[in-house]
Amino acid sequence: MASFQAPKGTFDVLPEQEAARAAVLAYTERVVGLAGYGRIETPMFEDTALFARGVGEATDIVRKEMFTFEDGGGRSITLRPEGTAPVCRAYLEHGMHRLAQPVKLWYAGSFFRYERPQEGRYRQFNQIGAEAIGSGSPLLDAEVVILLDGILRGLGIDRLKLKLSSLGSTAARMAYRDELREYLRAHESDLSEEVRARIDLNPMRAFDSDHERTRGVMAGAPTLLERLEGEDAEHFAEVRALLDAAGVAYELDPTLVRGLDYYNRTLFEFDCDRLGAQSGVGGGGRYDGLIEMLGGPATPAIGWAAGIERILLAMEAPQPQGSVEAFIVSAEQRERAFALVLELRAAGIGADLDLAGRSFKGQMKQADRSGARAAVILEADGTAKLRDMGSGEQREVDPARIVDEIRAAS
RNA sequence: GUGGGCGUAGCUCAGCUGGUAGAGCUCCUGGUUGUGGUCCAGGCGGUCGCGGGUUCGAUCCCCGUCGCUCACCCCA
């Protein structure tokens with residue numbers, strides 16, 4: 001038993017798992033790249049206040065899930081729990097409001113949340129995300145939803161469900177929350193203890209309760225979508241029409257609540273039932289007030305994030321890792337084999353040799369395991385043979401022309 | 001933070017009502033003076049998570065602790 005293990009909620013990504021992750025990143029880059037998104041990288045940690053203000057003091061993330069510490073200079077630092085606030089910070093810091101709007105950015109990297117791990121949930125996890133800042137057009141709402149939908153489906157994830165809602169304007173949302181709170185208080189005696197405790201903090205959560213009498217109460221509760229008015233209602237109708245036109249299926253879910261304070265208007269989430277309890281693969285929404293909250297000018301924006309680990313869980317078993325093309329087998333000519341391996345690699349051909357002192361038979365076995373299509377057998381008399389590991393065919397080759405022979409064979 | 005399940009070889013696991021450990025896979029060697037993917041044989045590999053208790057004796061019972069895992073909360 002090893003004396004050290006990866007810290008709780010963290011994990012190693014082993015070589016055979018990297019290919020699938022790389023594929024997710026490559027595909028994401030292609031899809032968002034075609035839509036004009038440029039990649040941005042922000043620090044793994046930020047000033048704690050950025051998240052406290054940006055994400056919201058009342059959210060679970062800020063109240064109990066942040067990895068916060070003091071640096072040597074007495075500054076309060078937090079390992080980033082999400083990507084939107086940092087990207088907005090960078091937008092402001094680099095004066096991106098001077099660029100043509102909207103500014104389209106995407107990112108991929110690790111995020112940190114101090115939580116009890118479970119399937120699809122880790123303390124250090126990875127996300128891909130996209131943010132489009134500087135436009136309130138419903139076209140942009142539709143674009144980002146379609147991008148994530150395209151990425152997820154393109155990666156082969158099926159049994160995917162898109163839930164869509166709108167929170168309306170911040171003012172409308174606040175008004176609705178007050179109305180809901182009043183409604184809940186009026187029926188307080190029928191509510192479960194947990195729901196009652198959250199009336200002030202997060203009344204929307206009451207819609208998710210399993211408590212029977214609570215459900216009864218909520219069936220008669222006003223919903224946010226019913227309260228959408230004026231421009232908010234128009235905006236949402238337009239987003240829906242655009243998604244319909246694009247053939248993106250969704251279901252309206254007025255109870256959809258994302259646990260971050262900065263959202264307004266369009267809200268969406270992709271669920272996959274292959275994931276168990278943590279069924280959310282990714283989601284996002286519009287956050288027209290965030291930039292202003294961070295000290296910038298009023299700037300509309302929208303974005304999403306998706307969990308790479310959850311994407312991987314939802315995907316079919318992925319493809320195997322890469323392998324070398326040629327494996328050099330030799331009995332007592334390791335130096336010669338080594339020199340040949342170096343020569344092949346220099347020529348751009350993946351090559352390897354036995355590095356464990358194996359018997360001849362063991363070397364052939366390793367050649368097989370390595371996935372190499374060709375094995376080169378160096379004989380004691382200086383001659384060489386080229387063996388096709390797929391067909392088993394083998395022939396003598398000119399030792400001086402091995403690189404060419406292998407190149408020709410592949 | 002709360003609750004359930006589990007912690008025996010690198011991996012997956014077995015171990016009956018307590019008598020100081022087994023299998024399969026993997027890996028190495030041999031079966032073929034050298035040729036892999038099948039098969040056969042042998043071998044390497046374990047402080048039975050850790051600490052304490054009960055007992056003549058504990059992997060097996062009890063307590064504690066750490067870890068993993070699933071779920072709640074919430075979220076990726």
Within residues 123-130 of chain A: residues closer than 4.0 Å to RNA chain B (heavy atoms) =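 Per residue number, the list reads A:Phe125, A:Gln127.
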Heavy atom of residues 27-51 of chain A under 4.0 Å from RNA chain B: which residues?
-> none
Contact class for [X] vs. all strands (heavy atom < 4.0 Å): base, sugar-phosphate, or nothing?
X        : result
A:Gln363 : nothing
A:Arg358 : sugar-phosphate
A:Lys385 : base
A:Tyr122 : base
A:Gln366 : nothing
A:Glu269 : nothing
A:Ala367 : nothing
A:Val329 : nothing

Where the chi angle of B:G34 falls, syn if within 90° of 0 and anti if not |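 Syn.
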Residue whose nearest RNA chain B nucleotide is more 5′ - A:Ile308 or A:Arg369 |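 Result: A:Arg369.
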Between A:Glu393 and A:Gly307, whichever has its closest RNA chain B nucleotide further toward 5' is A:Glu393
Considering only side-chain heavy atoms of [X], which listed nucleotide, [options], is closest?
X        : options             : answer
A:Ile377 : B:U35, B:C72, B:A76 : B:U35
A:Asp60  : B:U2, B:G34, B:C74  : B:C74
A:Phe360 : B:C73, B:G30, B:G34 : B:G34
A:Asp368 : B:G36, B:U35, B:C74 : B:G36
A:Glu119 : B:A71, B:G36, B:C73 : B:A71
A:Gln5   : B:C73, B:G67, B:G30 : B:G67

Answer with yes or no whether [X] presents, from its side chain, a donor or acceptor under 3.5 Å of a partner atom in the base of [N].
X        : N     : answer
A:Arg116 : B:U2  : yes
A:Arg113 : B:C74 : no
A:Glu115 : B:G1  : no

On the 0 to 90° scale, with breaks at 30° and 60°, tag the A:Phe111-A:Phe125 ring pair as parallel, tilted or perpendicular.
->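 Tilted: the ring planes of A:Phe111 and A:Phe125 meet at 30° to 60°.
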Is the A:Phe268 ring parallel, tilted or perpendicular to the A:Phe270 ring (thresholds 30°, 60°)?
-> perpendicular
Considering only heavy atoms from C-beta outward, does the side chain of A:Leu256 approach that of A:Leu164 to under 4.5 Å?
->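 No - every pair of side-chain heavy atoms lies 4.5 Å or more apart.
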Under the salt bridge (charged side-chain N to carboxylate O under 4.0 Å, His left out) rule, what pairs show up with a residue in residues 359-374 of chain A, not counting sequence neighbours?
->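 Those involving residues 359-374 of chain A are A:Glu325-A:Arg373.
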If you look only at pairs with a residue in residues 235-249 of chain A, which of them pass as a salt bridge (charged side-chain N to carboxylate O under 4.0 Å, His left out), with sequence neighbours excluded?
->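 Output for this query is empty, none listed.
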From [atom1] of [X] over to [atom2] of [N], roughly how many Å is that when rounded to an integer?
X        : N     : atom1 : atom2 : value
A:Glu16  : B:U26 : CD    : P     : 16 Å
A:Phe207 : B:C74 : CZ    : P     : 14 Å
A:Leu275 : B:U69 : CG    : P     : 16 Å

Answer yes or no: is there an ion pair linking A:Arg196 with A:Asp190, defined by an N-O contact shorter than 4.0 Å?
->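 No, this pair does not count.
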Salt-bridge contact A:Asp388-A:Arg395 (side-chain N to carboxylate O under 4.0 Å) = no
Distance under 6.0 Å and angle within 45° of ring axis: A:Arg123 vs A:Tyr114 |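 That pair qualifies as a cation-pi contact.
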Below 3.5 Å is the cut-off: list the nitrogen or oxygen pairs between protein and nucleotides 38-45 of chain B, distance only.
none

In dot-bracket notation, what is the pairing pattern of RNA chain B, taking Watson-Crick (N1-N3 plus N6-O4 or O6-N4) and G-U wobble (N1-O2 and O6-N3) contacts under 3.5 Å, with [ ] crossing and | for other strands?
-> (((((((..((((........)))).(((((.......))))).....(((((.......))))))))))))....
A:Leu386 pairs by side chain to side chain contact (heavy atoms under 4.5 Å, CB included) with which of A:Ile406, A:Asp398, A:Ile402?
->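 Going through A:Ile406, A:Asp398, A:Ile402 one by one, the side chain to side chain contact (heavy atoms under 4.5 Å, CB included) with A:Leu386 is satisfied by A:Ile406 alone.
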